[in-house]
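Each remark here refers to the structure printed beneath this line.
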Amino acid sequence: MKAVQKTVFGFLKASRIPNLLIIGGTQMATAFFLLQQNILDIRFLLLVVSTIMIAAAGYIINDYYDQKIDMVNRPQRVVVGVELSRRPAILAHGSVSILGILLGFWVDPLVGLLHVFSSSLLWYYSNYLRRLPLIGNVSISLLSGLSIMIVLVFFKSAHKIAFIYALFAFLMVLIREVLKDIEDVKGDEAFGVQTVPVIWGIRGAKFLIYLVVISGSALLVYLLITYQNVILRFYFLGLTPLFIWFIYMLIRADTRKQFRRLHLFCDTIVFSGLLSLLFH
């Protein structure tokens, strides 16, 4: 009985429940506040559940392949191989992925195809792309934006503000992933993982983040001017001093703890984007 409880607890921990709640909450807020759709529709709820399942499977398979690296980078937070055995982990990944894909096809064939794409990309990322500079970061960022776009696909909508939120999610997650690679540079380098900070150094990784912030901000400003929305303008205007502070702290950062704080800052900004949806 204790072994079963340990496996269940390990599965839930490896699935990153808080992150899954944010993904599901973002999809529901997008549908209700932006698209003004009925979020109690059973097909839409199954869309959210299936997306969460694909994401959970992605977290598990990433932990599966990164177990040795994580033992160096964050040994106190390793789940697969410690709290969840490797065999149950790979079985859980396969089962949850397949069920999520099947639910997606039941909801809508196009949703099912997007789930196949997402599940395949998550596996390929964990197995291979994670070890390449920038490509892996872009892959995860793309999937973050796709979690919003799939709601538009389901409702057959082309809501312009939702596109802006998807772009914002892509940019913030890209910044966060590069910061995470900087945090993990010691373990990644030891196991031959070719991330941006391993190949270009910490300074090169910082330069990439500056570039993403500047180019992303310019693109968002253009979109906000093109698609006039008072609430969205106030939200991004309110972020301006925070991003100035972020750049200042990034310039000064040179320890793992400081980069970890900046990583958490990005998570906070992404969560604030979810909250801003409530005011549309």
Side-chain angles (χ1 to χ4, degrees), residues 16 19 22-23 26-27 51 54-66 69-70 73 97 113-153 162-185 187-189 191-223 243 246-247 250 259 262-267 269-271 273:
R16 313 287 203 284
N19 292 4
I22 291 176
I23 293 171
T26 300
Q27 290 188 319
T51 303
I54 297 298
Y59 286 124
I60 292 171
I61 196 63
N62 187 63
D63 281 0
Y64 178 88
Y65 280 111
D66 274 4
I69 299 174
D70 289 340
N73 290 327
S97 294
L113 289 174
L114 289 174
H115 280 349
V116 170
F117 168 77
S118 299
S119 181
S120 301
L121 185 57
L122 284 167
W123 176 83
Y124 195 48
Y125 164 82
S126 301
N127 188 41
Y128 180 66
L129 297 181
R130 158 83 171 87
R131 289 151 178 77
L132 299 179
L134 195 56
I135 297 176
N137 306 121
V138 171
S139 299
I140 293 299
S141 305
L142 177 65
L143 290 173
S144 298
L146 185 60
S147 67
I148 295 176
M149 299 302 296
I150 200 170
V151 177
L152 301 184
V153 170
F163 281 103
I164 295 178
Y165 272 105
L167 173 63
F168 181 63
F170 171 85
L171 294 172
M172 288 306 305
V173 172
L174 179 57
I175 293 170
R176 186 191 68 186
E177 288 298 307
V178 176
L179 285 169
K180 184 169 173 286
D181 285 345
I182 295 176
E183 288 180 63
D184 297 344
V185 66
D188 289 343
E189 190 170 20
F191 285 91
V193 179
Q194 304 295 297
T195 60
V196 169
V198 171
I199 298 298
W200 299 345
I202 303 298
R203 182 176 297 180
K206 283 186 176 184
F207 178 78
L208 175 62
I209 294 174
Y210 300 145
L211 190 62
V212 173
V213 171
I214 294 172
S215 59
S217 298
L219 183 56
L220 285 170
V221 168
Y222 168 76
L223 291 173
F243 274 110
F246 174 81
I247 292 296
L250 181 60
F259 288 115
L262 291 173
H263 177 183
L264 293 176
F265 169 81
C266 290
D267 289 338
I269 295 299
V270 171
F271 184 68

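Positions are given from 1, in the same order as the sequence printed here.
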**Fill in**
Tested for side chain to side chain contact (heavy atoms under 4.5 Å, CB included) against T195, the lone hit among D181, I182, L134 is D181
**Asked** So with a 6.0 Å cut-off around CZ of F207, is the heavy-atom count from everything else above 12?
**Response**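 No.
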**Item:** Heavy atoms from other residues, nucleotides or ligands near OH of Y128 exceed 12 (cutoff 6.0 Å)
**Value:** no
**Message:** Going by salt bridge (charged side-chain N to carboxylate O under 4.0 Å, His left out), name the pairs with one or both residues in residues 195-222, residues two or more places apart or in two chains.
**Reply:** none
**Request:** Could you note down all residue pairs passing salt bridge (charged side-chain N to carboxylate O under 4.0 Å, His left out) where residues 55-65 supplies at least one of them, sequence neighbours left out?
**Result:**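 Qualifying pairs, neighbours excluded: R16-D63.
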What is the minimum heavy-atom distance between [X] and [Y], and which atoms define it?
{"X": "S141", "Y": "V173", "result": "OG-C, 3.6 Å"}
{"X": "S126", "Y": "G58", "result": "OG-O, 4.2 Å"}
{"X": "A162", "Y": "L152", "result": "CB-CD2, 3.7 Å"}
{"X": "S118", "Y": "I54", "result": "CB-CG2, 4.0 Å"}
{"X": "L129", "Y": "S139", "result": "CD1-OG, 3.5 Å"}
{"X": "S217", "Y": "V213", "result": "OG-O, 2.6 Å"}

Atom pair [atom1] ([X]) and [atom2] ([Y]), whose distance is rounded to the nearest 0.5 Å:
{"X": "Q194", "Y": "E189", "atom1": "CD", "atom2": "CD", "answer": "9.0 Å"}
{"X": "L208", "Y": "I175", "atom1": "CG", "atom2": "CD1", "answer": "9.0 Å"}
{"X": "L171", "Y": "S215", "atom1": "CG", "atom2": "OG", "answer": "7.0 Å"}
{"X": "L179", "Y": "I209", "atom1": "CG", "atom2": "CD1", "answer": "4.0 Å"}
{"X": "D66", "Y": "R131", "atom1": "CG", "atom2": "CZ", "answer": "5.5 Å"}
{"X": "M149", "Y": "Y165", "atom1": "CE", "atom2": "OH", "answer": "15.0 Å"}

Hey, are the side chains of [X] and [Y] touching, using non-hydrogen atoms and a 4.5 Å cut-off?
{"X": "D267", "Y": "R176", "answer": "yes"}
{"X": "R130", "Y": "I69", "answer": "yes"}
{"X": "F170", "Y": "V138", "answer": "yes"}

**Message:** Restricting to ring-ring contact (aromatic ring centres under 6.0 Å, His included), what partner residues turn up for F117, sequence neighbours left out?
**Reply:**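 Listed in chain order: nothing, the list is empty.
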**Request:** Verify side-chain contact (heavy atoms from CB on, under 4.5 Å) between L143 and Y125, making sure each step is shown before the conclusion.
**Result:** CA-CA 11 Å; L143 290 173; Y125 164 82; over 6 Å; no
**Item:** Derivation of the side-chain contact (heavy atoms from CB on, under 4.5 Å) call for I23 and T51
**Value:** CA-CA 8 Å; I23 293 171; T51 303; 4.1 Å; yes
**Prompt:** Does the side-chain contact (heavy atoms from CB on, under 4.5 Å) test come out yes or no for E183 and L262, once each step is laid out?
**Reply:** CA-CA 10 Å; E183 288 180 63; L262 291 173; over 6 Å; no
**Asked** With no hydrogens and no angle check, is any side-chain donor or acceptor of S119 less than 3.5 Å from a backbone partner on H115?
**Response**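 Flag not set: sc S119 to bb H115 has no pair under 3.5 Å.
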**Asked** What do the steps show when you test I202 against F259 for side-chain contact (heavy atoms from CB on, under 4.5 Å), and what is the final call?
**Response** CA-CA 11 Å; I202 303 298; F259 288 115; 3.8 Å; yes
**Prompt:** What orientation do Y65 and W123 show, parallel under 30°, tilted 30 to 60°, or perpendicular over 60°?
**Reply:**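 Because their plane-to-plane angle is over 60°, the rings of Y65 and W123 count as perpendicular.
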